[in-house]
Amino acid sequence: MPCSSLAEKKAASANTLAARLARLGLRTDADFILHLPLRYEDETRITALVDARAGVAAQFEVEVVDSEIAYRPRRQLLARVRDDSGALLLRFLNFYPSQQKVLQPGARLRIFGELHEGYLGPEIIHPRFHVVAAGESLPECLTPVYPTTAGLGQATLRRLIERALTRADLADTLPPALRERLHLPEFAAAIHRLHTPPPEMTQAELEARDHPAWRRVQFDELLAQQLSLRRAYAARRARGAPRLKSTAKLTRSLLASLPFRLTKAQQRAWQEIASDLAQPHPMQRLLQGDVGSGKTVVAALAMLQAVEAGHQAALMAPTEILAEQHYRKLAAWLAPLGLEVAWLTGSLKKREKEAAIVKVGAGDTPIIVGTHALIEDKVEFARLGLAIVDEQHRFGVRQRLALKDKGLYAHQLAMSATPIPRTLAMSYYADLDVSVLDELPPGRSPVTTKLVSEARRDQVVARVHEACRGGRQAYWVCPLIEESETLQLKTAEETFARLAADLPDLKIGLVHGRLKAAEKAAMMSAFVANEIHLLVATTVIEVGVDVPNASLMVIEHAERFGLAQLHQLRGRVGRGTAQSACILLYAQPLGELARARLKVIFESTDGFEIAREDLRLRGPGEFIGAKQSGLPLLRYADLEDAALVEQARAVAEDMLHNAPEAAAAHLQRWLGGREELLKA
Ligand code: ADP
Ligand code: MG
């Protein structure tokens, strides 16, 4: 067998090292210097064994008394050590022969670890240790402990970071006057302080991340995020778009035909959108409003403005049910204006679909509503001027932008019913302008929420019966089973069968994700027409479904749902004038997180409040789905720190205009080549 050469071996180990470093995102010198410690260990002092406290990590200097390999309860290396004040046992469950060799009687060691009381007295399991060299002094600064990954030791990481520190460019990207105004230290000083803290800095001071050195890093990170998002925004804006100027003909007719007046919030959002559309660069706007706040009519007005200017407008929704509702609603509103609405989804028959695609391509239909089918390659718009995406968080960034790209220079409007807390909106959505519907249409009665234990299910069934007999309609939402769609379907069918048996005099329907689109649509229309009293459903009804006569909702195993989901589901009732209720059935025992979620949803109906709590419970990455979308997450900055986010935003805006080179250097340091992800 040929032996691999030394060079090959070296290359292989370098490869694995490189792979491990890559896992931590460490490639360039800048990456290494921005890889900051999680915490610190104090090796600047020696603690006497008599002063050691259980559970507190400390350094000791000891002499080995003896060592042995024990076999019970399993093979392990034990070493007894002592200093002038006491004795201690070192226990190694995994060890190398070389370690055993070092632990000779009489050897002097410095050990670092957490002591605890074992069977045989005080002991430390797996202490870090080394033999004290003659005249070896103690380190002057605290020892950093870095986030790492399997197979990459602290010593290696420290060495690489030290090396990067000596040669990396630590030039400041912020001018001195600005630093002074914001009370931030120099970049180089902050970075050195965090990696190699000077002797006077205490561990507590460093680990509480409000030290000025940390603030500088947090500010820089937020600044990089703002710079990159604002730059992406500017780049898209520079592309130019057709001015979609309003003639007000169609929009005025629609407004006149509606049975209601726009709320103040709707008027404001509509004005913002109307003025964006008339600009010669593409709108990049998010319309955000709680469930039921009336986003659809604002979208319809925007579409009409595009049509007035001779362009097409498309609306994409994440589910068939929702797309179908939009289609029906828009068709009903627009038919009296003499406008045709095209309908395009994956479930259409091949021939119908082709016919729709031809019409869209020829520009024969001004308004197009559909699902993902709209962004298929075959679909070409004659002159798309406005692309609207409903429930945008359900789509990936790329899908969202794909629709806009169907019209080379189209304006883009995204809509979301997941209210985004302000700091999050300012940071992760800094590449969009935001309009907010912060008011519900009048005449809605608030939904009462009840928490009921599964043990009292019978009473809940009786309540559903009573409501439906009284002419109201109800939803029964089946338990979410994340692990298995098949199991979820089975459960839904069982729930349906059981309710049908319990309530033989009611008309009961069932909708779930596996039904054919046409079956789903038929079931929904029957429910809308009040031919069905009780609709048993999976979460397919979560978004957008709008049946005002439905005033009662039961959610089974509510403890399994996320906060945003519960809020969306509950938003399906309370859409008419009848007093509405949402009953959350839960099964014991409740986990801590489930209990926290149910408490929030029970106590609040305010989408923003719920979103804030959701953010707190889940963290920003999960909350905005940033992991899927590829947005880099913040490592050091805290989004609760609204003041710092605000400062970073202002500075970014200023830098992009007045110091573009500094902005570029700053981005290079923080994002390297990874910025591409954001440009999509
Ligand atoms: P969402 O923001 O959740 O998408 P919708 O657009 O579906 O909300 O609107 C919810 C319901 O409120 C619909 O039935 C819609 O026609 C109605 N609506 C919208 N705006 C108003 C208004 N200003 N006054 C009364 N009802 C309205
Ligand atoms: Mg909606």
Side-chain angles (χ1 to χ4, degrees), residues 251 254-271 273 285-304 315-334 336 369-371 388-395 400 413-420 434-447 473 475 524-525 527-530 539-551 553 564-578 580 582 605-608 610-611:
T251 51
L254 174 63
L255 287 172
S257 74
L258 291 174
F260 51 76
R261 292 167 62 92
L262 296 188
T263 62
K264 284 223 173 60
Q266 282 170 320
Q267 276 170 26
R268 193 174 356 100
W270 160 229
Q271 282 320 312
I273 292 166
R285 190 171 282 279
L286 175 68
L287 173 60
Q288 200 190 298
D290 210 345
V291 286
S293 58
K295 294 182 288 293
T296 318
V297 69
V298 177
L301 288 164
M303 293 176 101
L304 289 180
L315 169 62
M316 178 164 78
T319 67
E320 291 262 342
I321 289 186
L322 186 53
E324 163 113 18
Q325 283 204 44
H326 282 320
Y327 171 67
R328 281 171 194 273
K329 188 159 253 173
L330 287 171
W333 279 340
L334 304 187
V369 178
T371 56
I388 304 184
V389 177
D390 195 16
E391 305 296 341
Q392 61 95 22
H393 58 284
R394 295 296 191 97
F395 292 99
R400 174 150 56 86
L413 179 66
M415 304 201 285
S416 174
T418 303
I420 303 154
V434 181
S435 295
V436 181
L437 298 182
D438 52 4
E439 154 185 37
L440 293 181
R444 300 272 165 84
S445 50
V447 180
Q473 289 170 278
Y475 297 98
M524 289 311 296
S525 340
F527 191 59
V528 171
N530 202 355
T539 48
V540 295
I541 59 150
E542 180 184 343
V543 291
V545 170
D546 184 28
V547 181
N549 192 47
S551 64
M553 167 165 286
Q565 235 173 352
L566 288 172
H567 180 61
Q568 286 279 334
L569 284 168
R570 183 172 58 184
R572 300 308 114 216
V573 292
R575 302 191 145 235
T577 42
S580 298
C582 177
T605 51
D606 174 353
F608 274 95
I610 291 169

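Values in this document were obtained by computation on a predicted structure and should not be read as measured data. First listed ligand is number 1; within each ligand, the first listed atom is number 1. Side chains included, hydrogens not; waters and symmetry mates left out as well; all remaining heavy atoms used.
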Asks: Judging by distance only, is a nitrogen or oxygen of P441 under 3.5 angstrom from one on ligand 1?
Replies: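 No; every N/O pair is 3.5 Å or more apart.
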Asks: Any atoms of ligand 1 less than 4.0 Å from a non-hydrogen atom of R575? List them with their elements.
Replies: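 So the answer, numbered in order with elements, is 3 (O), 7 (O), 10 (C).
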Asks: Given D290, which partner from the list Q568, K295, H567 fulfils the side-chain hydrogen bond (donor to acceptor under 3.5 Å, both in side chains) test?
Replies: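 Of the listed options, the one satisfying the test is H567.
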Asks: Just by distance, do the side chain of Q266 and the backbone of G294 share a donor-acceptor pair under 3.5 Å?
Replies: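 Answer holds: yes.
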Asks: Side chain, backbone, both or neither: which part of L262 comes within less than 4.0 Å of ligand 1 when only heavy atoms are counted?
Replies: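 The answer is the backbone of L262.
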Asks: Number the atoms of ligand 1 from 1 as they appear, then name those within less than 4.0 Å of a heavy atom of S293, with their elements.
Replies: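 Those qualifying, in numeric order: 2 (O), 8 (O).
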Asks: Which of the numbered atoms in ligand 1 are under 4.0 angstrom from any heavy atom belonging to T263?
Replies: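 With T263 as reference, the close atoms of ligand 1 come out as 23 (N).
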Asks: Would you find a donor on one side and an acceptor on the other, under 3.5 Å apart, between the side chain of S580 and the backbone of A578?
Replies: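 Answer holds: yes.
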Asks: To the nearest 0.5 Å, tell me how far L255 CG sits from L301 CG.
Replies: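 Answer for the CG-CG pair, L255 versus L301, is 5.0 Å.
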Asks: Measure the CE-CZ distance between M524 and R328 for me, rounded to the nearest 0.5 Å.
Replies: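 Atom-to-atom, M524:CE and R328:CZ are 10.0 Å apart.
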Asks: Backbone N or O of F527 within a donor-acceptor pair of the Q473 side chain at under 3.5 Å?
Replies: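 Flag set: sc Q473 to bb F527 pair under 3.5 Å.
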Asks: CE of M415 to CG of L287: how many Å apart, nearest 0.5 Å?
Replies: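 If I round to the nearest 0.5 Å, the distance is 6.5 Å.
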Asks: Heavy-atom pairs closer than 4.0 Å: do any link ligand 1 to the side chain of R261, the backbone, both, or neither?
Replies: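 For R261, only backbone atoms sit under 4.0 Å from ligand 1.
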Asks: Using heavy-atom distances, let me know which of P259, S416, G294, A265 sits nearest atom 9 (O) of ligand 1.
Replies: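 Looking at heavy atoms only, G294 sits closest to atom 9 (O) of ligand 1.
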Asks: Strictly under 4.0 Å, does any heavy atom of A417 approach an atom of ligand 1?
Replies: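 No heavy atom of A417 comes that close to ligand 1.
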Asks: Using heavy atoms and a 4.0 Å limit, tell me yes or no: is K329 in contact with ligand 1?
Replies: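 Distance cut 4.0 Å: K329 passes for ligand 1.
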Asks: Got a second to check how far T319's OG1 is from Q325's CD, nearest 0.5 Å?
Replies: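 Reported value, rounded in 0.5 Å steps: 8.5 Å.
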Asks: Counting heavy atoms only, name the option from Q266, Q568, M415 that's nearest to atom 20 (N) of ligand 1.
Replies: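 The residue whose heavy atom sits nearest atom 20 (N) of ligand 1 is Q266.
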Asks: Give the atoms of ligand 1, by number and element, whose distance to some non-hydrogen atom of V291 is under 4.0 Å.
Replies: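 So the atoms of ligand 1 that pass are 3 (O).
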Asks: Can you check whether T296 has an N/O within less than 3.5 Å of an N/O in ligand 1?
Replies: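 Yes: some nitrogen or oxygen of T296 is under 3.5 Å from one in ligand 1.
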